[in-house]
Protein chains: 2
Amino acid sequence: QGTRDHPPAHVALRDRLLAAVVACFKRHGAAAIDTPVLELRETLTGKYGEEAKLIYELQDQGGELLALRYDLTVPFARYLAMNKIANMKRYHVAKVYRRDNPATTRGRYREFYQCDFDIAGQFDPMIPDAECLKIVHEILSDLQLGDFLIKVNHRRILNGVFAVCGIPESKFVTVCSTVDKLDKLPWEEVRSEMVGEKGLSPEAADHIGEYVQLRGGLDLIERLLQDPKLSQNKLAKEGLGDMKLLFEYLTLFGIAGKISFDLSLARGLDYYTGVIFEAVLLQQENDHVEEPVSVGSVAGGGRYDGLVGMFDPKGRKVPCVGVSIGIERIFSILEQRMKASGEKVRTTETQVLVATPQKHFLAVRLKLISELWDAGIKAEMLYKKDPKLLKQLQYCEDTGIPLAAIVGEQELADGVVKLRDVATREEVRM
Amino acid sequence: QGTRDHPPAHVALRDRLLAAVVACFKRHGAAAIDTPVLELRETLTGKYGEEAKLIYELQDQGGELLALRYDLTVPFARYLAMNKIANMKRYHVAKVYRRDNPATTRGRYREFYQCDFDIAGQFDPMIPDAECLKIVHEILSDLQLGDFLIKVNHRRILNGVFAVCGIPESKFVTVCSTVDKLDKLPWEEVRSEMVGEKGLSPEAADHIGEYVQLRGGLDLIERLLQDPKLSQNKLAKEGLGDMKLLFEYLTLFGIAGKISFDLSLARGLDYYTGVIFEAVLLQQENDHVEEPVSVGSVAGGGRYDGLVGMFDPKGRKVPCVGVSIGIERIFSILEQRMKASGEKVRTTETQVLVATPQKHFLAVRLKLISELWDAGIKAEMLYKKDPKLLKQLQYCEDTGIPLAAIVGEQELADGVVKLRDVATREEVRM
């Protein structure tokens, strides 16, 4: 339940997407690592907050207590700590597992790919963070998904907001997860959760509401830096300083136009400590898709400076920032688009079918196809001793093979093959 | 335990191997499928004989009873049956899981890659079987692993041998698994297991011994076709007929010289019904490796005509033949060779480092690197505001980046960059 087989047309499209993503990661100088799908349960414990109940656990079979990985970030942090690595730019494309209620119509499954790029190490502020946003911009542009927006925020700015609104520090994380619902719920509902479930005073909630509904660019950053309360708060000042520097770098990258400083962005996971971001596709008016899928975010990430330290015996920290591309959601969108347009993906790459119009030519075909394979040419033949020519040409049309190399008595006598363009029916002897 | 993290140098080498294998599979017109790493336990039950105890089972968490896949063949058979597919040429490269005693020094792990190519469908005899052997030959040649041999046998020939030696049909499978040990144990020990554990008469065991120690080529097939006893046995005759046809096709493919008809080859798995094969590397005298690793077989496979029917409600059969490339063992060999030769794999593909000899050039570097990325060039820069030029060039040498694009005051004024070849120190302005 919640998993699926992927037929060739899926895999062909998915491989094309993954290739584009990986090409971008390599363009930015990342190396690949791979970690086991199995982790010790204790490695995953205490990293995912309430989501921990979705972890797939293996049966205790008299060995170690194991679980399936839940994401690629925690295994990466464990890897860095175990190997005492202080600097690394890595990517990892692999499947992760969540015992979630599958919403398969919205492209959510219990087994799905994650494509992560992360930069670990102590560097000058905001340079790696800006590169992560550049990567999101490059990939979403490359894949021609239509218009998009990358929302950014900063955990310290949020914490500063909470502080100046009089929220005790012990409630920052839980209030943060309520703010995170603002992309799906109207402010009124978020406010009533704050007051009811989270026990804030109505005044504090309203005060938070004034801030978290703000969005903008450099202008908003400047305004908040002048805000009489925020400018007095250390956390907020640091966060806003980071954000200003980030926008400077994003302007140099030429991508600031697609970035929105959005104070409602909070992101669920506990481990973020700095810049956080999330990319969303914008609704397209003249979209040819009949029923637009609601896909949510297609990429997200942020800075997590404390996670590696949780795996180090001495608590030695390695600052990290990373991005995860939501390849499954992007896949759902592209798949639906192709369905709507009637476009088909070829599932094989065969260049030529070795065919014959005559009986008793199996040996000749086997010799010819063997030569083609040895020359690196992608070739097929029908697995029949004496197939009909029509069947052979039909197979080319069905599977998209562009050429047929035909050999019969005449060709054999002349020492040639007849190469036929399946679409145009043009033939040349060679 | 028995799993491992793969650092960048591993992944880079492994990706190169996998690319060669997949290129071959595509050259032969295969399409890719993907199946979940989780299967229902019942799907795996009764397919692996005694090996079933090595299956990783998931905890019963109030849903379905699940296990991690043990190989890619059973999921493929389930896929064909579930989707009522009667014809398919597919490849699948993915990890499988076995709760085995890990022998990590011999390259055996509990999590490892399998690379499978299979042809499903009712076709004229031995054409797909011959192609599977051609694929093994192409891949082992491509990877330049040194000399190799592909042993082939046929389940029906083995069964025919057992029949003419007076073994009851009910003991065929168990005697077969004893014969399978002949590649590791001397005949005397295999014989004593037959007589002791398996309860054969000494005469029957000796009789079997006369056959299963035979190996050869077309000559041996012809001789056995004349064998007074075997020629009277229907199973043996069918198997030998197949084998003769197979050798004919392998000769047309030009690979018969690397094939050995070996009656000791039995292969453990129950589901094989026809041709079976296994590729082994031959010991090399002038091998530069100090301590040669014993790696066992590097590829294997065979025909399994009954497996799909086990998943079909009506028992409808789909004949299949396939091959699995032992990529992990090949990896171990190549890794050891590279260690011995001191050769290093680059773990990134970065073409150019954007560098500067001056302070306050971060903005210039960010603009330049952004242009390079947008032009599809693989580029990196140090994540420091004002790095020293020496450090930047050192980074190129450490990570194998061949070029540095240097921009300082003079270059900025002239509107050029200085492109430096890191190895030769040659520079051009452009």
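In what follows, chains are A, B, ... by sequence order, proteins preceding strands, each numbered from 1.
Using a 4.5 Å cut-off between heavy atoms, B/Ile369 contacts chain A through its side chain alone, with no backbone atom that close. Within the 4.5 angstrom heavy-atom criterion, only side-chain atoms of A/Met88, from C-beta onward, approach chain B. Residue A/Glu57 touches chain B through both its backbone and its side chain, counting heavy-atom pairs closer than 4.5 Å. Looking at B/Ile119, the atoms closer than 4.5 Å to chain A (heavy atoms on both sides) all sit in the side chain, from C-beta outward. With a 4.5 Å cut-off on non-hydrogen atoms, A/Ile255 does not touch chain B at all. At a 4.5 Å heavy-atom cutoff, the contact between B/Ala30 and chain A is made by backbone atoms alone. At a 4.5 Å heavy-atom cutoff, the contact between A/Arg78 and chain B is made by side-chain atoms alone. With a 4.5 angstrom heavy-atom cutoff, A/Leu66 touches chain B only via side-chain atoms. Both the backbone and the side chain of B/Val37 have a heavy atom closer than 4.5 Å to some heavy atom of chain A. Interface residue A/Leu362: only side-chain heavy atoms are found under 4.5 Å from chain B. Interface residue B/Leu68: only side-chain heavy atoms are found under 4.5 Å from chain A. The part of B/Glu131 that comes within reach of chain A is its side chain, from C-beta onward, which places non-hydrogen atoms under 4.5 angstrom from that chain. With a 4.5 angstrom heavy-atom cutoff, B/Arg90 does not touch chain A via any of its atoms.
Comparing A/Glu138, A/Arg99, A/Glu64 by heavy-atom pairs within less than 4.5 Å of chain B, the highest count is held by A/Arg99. Counting heavy-atom pairs under 4.5 Å between each of A/Thr347, A/Leu366, A/Thr35, A/Ile401 and chain B puts A/Leu366 at the top. The candidate from B/Phe123, B/Phe253, B/Tyr383 with the greatest count of non-hydrogen atom pairs under 4.5 Å with chain A is B/Tyr383. For the set B/Glu248, B/Gln351, B/Lys367, B/Met82, the entry with the most heavy-atom pairs within less than 4.5 Å of chain A is B/Lys367. Chain B forms more heavy-atom pairs under 4.5 Å with one residue of A/Leu58, A/Ile377, A/Asp15 than with any other, namely A/Leu58. Put simply, of A/Cys24, A/Ala31, A/Ala32, the one with the most heavy-atom pairs under 4.5 Å next to chain B is A/Ala32.
Partners of A/Lys344 under the salt bridge (charged side-chain N to carboxylate O under 4.0 Å, His left out) rule, at least two apart in sequence or in another chain, do not exist in this structure. Residues forming a salt bridge (charged side-chain N to carboxylate O under 4.0 Å, His left out) with B/Arg16 (at least two apart in sequence, or on another chain): none.
Heavy atoms of other residues, nucleotides or ligands lying less than 6.0 angstrom from NZ of B/Lys258 number more than 12.
In plain terms, the two heavy atoms of A/Lys26 and B/Glu349 that are nearest each other are NZ-OE2, 2.9 Å. The shortest heavy-atom contact between A/Pro8 and B/Ile33 is CD-CG2, 3.7 Å.
Screening A/Arg4, A/His10, A/Arg14 for a side-chain hydrogen bond (donor to acceptor under 3.5 Å, both in side chains) involving B/Asp34 leaves a single residue, A/Arg14.
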Show, in sequence, the C-alpha distance, side-chain angles and deciding distance for A/Asp374 and B/Lys134, and conclude whether the side chain to side chain contact (heavy atoms under 4.5 Å, CB included) test is met. CA-CA 10 Å; A/Asp374 291 344; B/Lys134 177 78 171 87; 2.6 Å; yes

B/Leu38 and A/Arg110: CA distance, side-chain angles, deciding distance, side chain to side chain contact (heavy atoms under 4.5 Å, CB included) verdict: CA-CA 10 Å; B/Leu38 306 166; A/Arg110 289 179 167 185; over 6 Å; no

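Annotation: side chain of A/Lys89 is not in contact with side chain of B/Thr348 (no heavy-atom distance under 4.5 Å). When side chains are defined from C-beta on, B/Pro7 counts as touching A/Tyr79, because their heavy atoms get closer than 4.5 Å. Looking only at side-chain heavy atoms (C-beta outward), B/Asp5 and A/Pro36 come within less than 4.5 Å of each other.
Put simply, CG on B/Leu382 and CG on A/Asp124 are 10.5 Å apart, with the number rounded to the nearest 0.5 Å. Between the NZ atom of B/Lys385 and the CE atom of A/Met126 there is a distance of 12.0 Å, given to the nearest 0.5 Å. If you take CZ on B/Arg27 and OG1 on A/Thr350, they are separated by 12.0 Å, rounding to the nearest 0.5 Å.
Under a 3.5 Å cut-off, the side chain of B/Trp373 and the backbone N or O of A/His28 do not form any donor-acceptor pair.
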